[in-house]
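For reference, the structure is listed below as structure tokens.
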Amino acid sequence: MKWKNCSIGEAERRRREIGFTINTEAQQEAWVANLDLDENVLLASRFERRESPPAMRRRADEWARHFGLSDGIPDLRPGAVDRGDQIRLQWVRALMRDPLRLLVLERPLESAPAEAIPRLIDTIAVRLDAGSAVLWVEESRPNFRRLGLDPVTDW
């Protein structure tokens, strides 16, 4: 079914199957301004009724720890959290989608802490194997082989 032929409800359901990151110079563009980061990360998941808010929070905190944020998701405004942590929190927000049909990553490695990058790459590989599509947006082509991804077979 084409998007233009979807009902409003179907289009909304399909949008909830898309995870994304927005890595711009102005990180505030990636977040809803009047929400803390924990509220931002969980906002889209709250439209799904598959799990309780505490279960969503636990799952988001697990993802955050997976990417090296030992305290989970902070309940702070974006301006109080450094750029590298904000990038990792965007990864968490993107990967909270269930099911995840499409993952759109805009410059996902820029400003990311080096120690977190292998975890993201491994997670992307797992999602690709599970059938998710990934759209990686960069100004120039990344060295996918250096990242451990084969653009011929994986992309």
Inset, instruction - Output, in order, the C-alpha distance, side-chain angles, deciding distance and verdict of side-chain contact (heavy atoms from CB on, under 4.5 Å) for Val104 and Thr21. - result: CA-CA 6 Å; Val104 180; Thr21 65; over 6 Å; no

Inset, instruction - Output, in order, the C-alpha distance, side-chain angles, deciding distance and verdict of salt bridge (Lys or Arg N to Asp or Glu O under 4.0 Å) for Arg13 and Glu10. - result: CA-CA 5 Å; Arg13 185 192 63 74; Glu10 176 65 12; 2.5 Å; yes

Inset, instruction - Apply the test side chain to side chain donor-acceptor pair (under 3.5 Å) to residues Trp31 and Gln90: give CA-CA distance (whole Å), side-chain angles for both, the deciding distance (0.1 Å), then the verdict. - result: CA-CA 9 Å; Trp31 307 108; Gln90 284 200 57; over 6 Å; no

Legend entry - Worked check of salt bridge (Lys or Arg N to Asp or Glu O under 4.0 Å) between Arg58 and Glu62: CA-CA 6 Å; Arg58 283 191 299 275; Glu62 287 172 17; over 6 Å; no

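Note that the CZ atom of Arg15 and the CG atom of Leu102 stand 13.0 Å from one another [nearest 0.5 Å]. Between the CE atom in Met56 and the CZ atom in Arg46 there is a gap of 5.5 Å [rounded to 0.5 Å]. Atom CZ of Arg88 is separated from atom CG of Leu69 by 4.0 Å, given to the nearest 0.5 angstrom. Within the model, atoms CZ of Arg101 and CG of Leu103 stand 13.5 Å from one another, a figure rounded to the nearest 0.5 Å.
The shortest distance between side-chain heavy atoms of Ser45 and Arg97 falls below 4.5 Å. By the 4.5 Å heavy-atom criterion applied to side chains, Arg50 and Asp98 are counted as neighbours. The shortest distance between side-chain heavy atoms of Leu105 and Val137 does not fall below 4.5 Å. Side-chain contact between Arg93 and Leu37 is absent, with no heavy atoms from C-beta onward closer than 4.5 Å. Residues Val81 and Pro74 are in side-chain contact: their nearest non-hydrogen atoms beyond the backbone lie under 4.5 Å apart.
In this view, Asp61 and Arg57, Arg65, Ile73 satisfy the side-chain contact (heavy atoms from CB on, under 4.5 Å) rule, not counting sequence neighbours. Judged as a side-chain contact (heavy atoms from CB on, under 4.5 Å), and not counting sequence neighbours, the contacts of Glu139 are Arg107. Every residue was checked against the side-chain hydrogen bond (donor to acceptor under 3.5 Å, both in side chains) condition with Glu106, not counting sequence neighbours, and none meets it. Applying the side-chain contact (heavy atoms from CB on, under 4.5 Å) rule to Leu35 yields the partners Val32, Glu39, Asn40, Leu43; only residues at least two apart in sequence or on another chain are considered.
Between Ala11 and Cys6, the shortest heavy-atom contact is N-CB, 3.9 Å. The minimum heavy-atom distance between Glu138 and Pro108, with the atom names listed, is OE2-CD, 3.6 Å. Closest of all the heavy-atom pairs between Asp36 and Asp75 is OD2-O, 3.4 Å. Annotation for Ala44 and Arg16: closest pair O-CD, 4.3 Å, computed over non-hydrogen atoms. For the residue pair Leu95 and Arg127, the shortest heavy atom distance occurs at O-NH2, 3.2 Å.
Cluster membership for Ile124 and Val126, using ILVMFWY side-chain heavy atoms within less than 4.5 angstrom, is not shared. Under a hydrophobic-cluster definition in which Ile, Leu, Val, Met, Phe, Trp and Tyr are linked whenever side-chain heavy atoms come within less than 4.5 Å, directly or via other members, Leu76 and Trp63 are assigned to the same cluster.
In this structure, Ser132 contributes its side chain and Leu100 its backbone to a donor-acceptor pair below 3.5 Å. For the pair Asp82 (side chain) and Gly84 (backbone), a donor-acceptor distance under 3.5 Å is present.
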Contacts table for residues 114-123: side-chain donor-acceptor under 3.5 angstrom, sequence neighbours left out:
from, atom 1, to, atom 2, distance (Å)
Arg119, NH1, His66, O, 3.0
Thr123, OG1, His66, NE2, 3.1
Thr123, OG1, Arg119, O, 2.7

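Residue pairs satisfying the ring pair (Phe, Tyr, Trp, His ring centres under 6.0 Å) criterion with at least one member in residues 79-126, sequence neighbours excluded, are listed as follows: Phe67-Trp91.
Heavy atoms from other residues, nucleotides or ligands lying under 6.0 Å from CG of Asn34 number more than 12.
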